[in-house]
Amino acid sequence: MPSLQKTSAPQDGPQDRSRTVSPTQRDRVAAAGSELIGGPYGRRALPGGGQFTPVRVIALVAIGMFALGMVQKLPCYNWAWFQGTTSQYTHACYSDIPHLFAGRGFADGLVPYFDRLGGDIPFLEYPVLTGLFMEVAAWLTPGGGSPDENERAFWLANAGLLMVCAAVLAVCVTRTHRRRPWDGLLVALAPSVALTATINWDILAVALTAAAVLMWSRERPLAFGILLGLATAAKFYPILLLWPLLLLCWRAGKWREYGTAVLGAMGAWLVVNLPVMLLAPEGWKQFYLFSRDRNVDFGSVWLLISQRTGTSIPPDRANLYALLLMAVAAAGIAYLAFTAPRRPRFVQLAFLVVAAFVLTNKVYSPQYVLWLVPLAALARPRWRDFLVWQACEVVYFLGIWMYLAFTSGGSKQGLPVDGYQFAIVVHLLGTLYLCAMVVRDILAPEKDPVRQDGSDDPSGGVLDGAEDLVVAGRAAHPARHAAPAVEEGPRVRWGAAEEPFDPWRAPREQDSRG
């Protein structure tokens with residue numbers, strides 16, 4: 001049944017625009033962590049003053065953390081990539097990038113998708129935009145040195161380009177929620193970003209996806225679609241965001257904006273892919289054939305089942321199982337979208353659909369955590385939950401390298417199979433925990449940190465404050481959490497189930513008690 005209840009976004013007057021939510025005044029973990037840099041944000045502080053705006057600070061922090069991640073790769077850069085296979089695992093500094101410089105023909109000047117490679121993989125097995133990114137890095141790599149020196153130079157060229165992507169990623173997340181810019185620090189300080197950003201080229205697609213979400217939040221569906229299409233041309237997973245967007249636009253009746261976004265995504269994807277598709281069809285298909293035929297691999301629940309049962313799961317069967325589970329997850333997300341007491345925020349459902357893909361996929365490479373980091377920071381900006389999840393991902397990051405050291409080295413140093421299986425379980429439970437927190441926020445919107453100041457969907461763009469036209473279940477009845485509209489404009493005020501934390505209250509109360 002349709003519900004004509006309207007959830008309007010807070011009116012953005014001059015005072016509202018300057019009202020920035022400070023994590024140190026609402027989040028106990030953020031307040032405790034701020035003691036390292038002088039303590040919580042004061043009541044008399046001037047927001048946005050001086051040159052150190054949130055965007056600039058977070059961009060610098062993101063670049064600094066990326067640089068620390070490069071330092072973490074120094075043992076491999078200096079020698080471990082080139083002297084045996086075990087050392088790069090025991091130092092946890094492995095990267096695909098230097099090995100693929102020669103392995104995918106860049107050292108020999110071969111053109112991706114057009115020139116055939118030697119070995120088991122006949123063409124480059126990456127999407128077209130990622131292949132172009134790799135080719136540009138190869139152009140920037142000076143030649144003339146030894147093979148080891150050229151591979152180091154190729155890694156450095158890629159690292160420089162990927163650092164730009166990391167900064168763009170952090171800035172886009174910072175600007176998505178106008179009143180919550182400091183949530184971008186979750187991305188900038190995420191240890192998994194520093195550890196995995198230079199393993200592969202995933203952060204290119206992640207940055208484009210974050211830029212797309214920013215454009216949608218600014219009510220620019222065509223720009224959103226174009227950027228999402230480019231992101232999908234770099235990695236497959238961004239196309240999944242069209243599913244939750246379809247559900248939310250359906251509930252709000254925003255069909256024109258959704259159609260614009262889909263057409264923009266299709267057009268951008270075709271602009272990148274069509275030339276290669278027509279001129280080098282065999283090379284273009286390699287990414288899709290490789291994904292289809294790839295065996296059950298590291299980090300997946302299917303590998304865990306296979307190792308525990310001693311039964312091999314063929315690729316076609318793993319594909320079917322993963323597809324069925326993904327369909328079930330998509331149906332569950334649809335149920336949430338139409339029955340939640342308030343329309344879920346866009347990034348909440350976007351996080352859930354990408355997390356479902358990560359959990360059901362037949363491989364989980366360590367850098368895949370990058371897909372979830374910006375969505376997690378926007379969907380559940382609570383430092384405790386984010387850090388619990390990040391700790392689980394760091395356990396898995398260390399676990400996979402120690403397991404590879406154990407299986408590849410004759411000395412059997414590293415982590416045995418049981419230990420690696422424990423790391424997989426930790427990764428799965430950490431992701432499921434964050435999913436559970438997001439689902440709880442959807443079912444009990446007053447617990448959602450973003451909505452506690454009266455906001456509806458700051459990243460929702462045209463969905464923010466829109467009417468619900470198609471709902472079911474509890475959503476067909478007025479939400480208990482909504483206050484009656486007042487004359488100066490309707491505004492939702494969420495329940496005070498979780499009172500905002502005031503770091504200055506406790507000292508004042510102690511002083512008053514003497």
Which pair of non-hydrogen atoms, one from [X] and one from [Y], has the smallest distance, and what is that distance?
X    : Y    : answer
T198 : I97  : O-CD1, 3.5 Å
V187 : V193 : O-CG2, 4.0 Å
S300 : L303 : OG-N, 3.0 Å
C165 : F133 : SG-CE1, 4.3 Å
W302 : N361 : CD1-O, 3.5 Å
V213 : L241 : CG2-CD2, 4.1 Å

Min side-chain heavy-atom separation [X]-[Y] under 4.5 Å:
X    : Y    : result
V164 : F66  : no
K235 : T209 : no
P381 : R180 : yes
W371 : F357 : yes
F397 : V369 : no
I333 : L336 : no
V173 : D183 : no
D456 : R451 : yes

Which value, rounded to the nearest 0.5 Å, describes the distance between [X] atom [atom1] and [Y] atom [atom2]?
X    : Y    : atom1 : atom2 : value
L208 : C172 : CG    : SG    : 9.0 Å
L359 : C435 : CG    : SG    : 6.0 Å
I226 : T260 : CD1   : OG1   : 10.5 Å
L443 : D448 : CG    : CG    : 11.5 Å

Any donor-acceptor N/O pair, [X] side chain to [Y] backbone, under 3.5 Å:
X    : Y    : result
R251 : A337 : yes
N273 : W269 : yes
R345 : L378 : yes
W243 : A330 : yes
K254 : L463 : no

Subject >> Working for salt bridge (Lys or Arg N to Asp or Glu O under 4.0 Å), residues D457 and R343 >> reply: CA-CA 9 Å; D457 187 359; R343 185 174 54 252; 5.6 Å; no
Original post:
With a 3.5 Å cut-off and no angle check, do the side chains of Y126 and N200 form a donor-acceptor pair?
Top reply: yes
Original post:
Would you say the side-chain atoms of D96 and Q367 include a donor-acceptor pair closer than 3.5 Å?
Top reply: no
Subject >> Aromatic ring proximity, centroids under 6.0 angstrom, Y258 and W250 >> reply: no
**OP:** Apply ring-ring contact (aromatic ring centres under 6.0 Å, His included) to F386 and W383, showing your working.
**Re:** CA-CA 5 Å; F386 190 86; W383 282 85; 7.0 Å; no
Subject >> Chi angles and distances behind the side-chain contact (heavy atoms from CB on, under 4.5 Å) call for L434, T431 >> reply: CA-CA 5 Å; L434 202 56; T431 306; 5.9 Å; no
**OP:** Take atom CZ of R218 as the centre, draw a 6.0 Å sphere, and report whether it contains more than 12 heavy atoms from other residues, nucleotides or ligands.
**Re:** yes
Original post:
So does Y335 have more than 12 non-hydrogen atoms from other groups sitting under 6.0 Å from OH?
Top reply: no
**OP:** Using side chain to side chain contact (heavy atoms under 4.5 Å, CB included) as the criterion, point out the one residue from I442, V439, L375 that pairs with Q348.
**Re:** I442
**OP:** Measure up the H427 and Y396 rings against each other and bin them: parallel (under 30°), tilted (30 to 60°), perpendicular (over 60°).
**Re:** tilted
Subject >> N-O pairing of R382 and D385 below 4.0 Å >> reply: no
**OP:** Go through the steps for V373 and V206 under the test side-chain contact (heavy atoms from CB on, under 4.5 Å), then give the verdict.
**Re:** CA-CA 9 Å; V373 168; V206 176; over 6 Å; no
**OP:** Mind running side-chain contact (heavy atoms from CB on, under 4.5 Å) on W216 and L228 for me, showing each step along the way?
**Re:** CA-CA 10 Å; W216 182 262; L228 193 72; over 6 Å; no
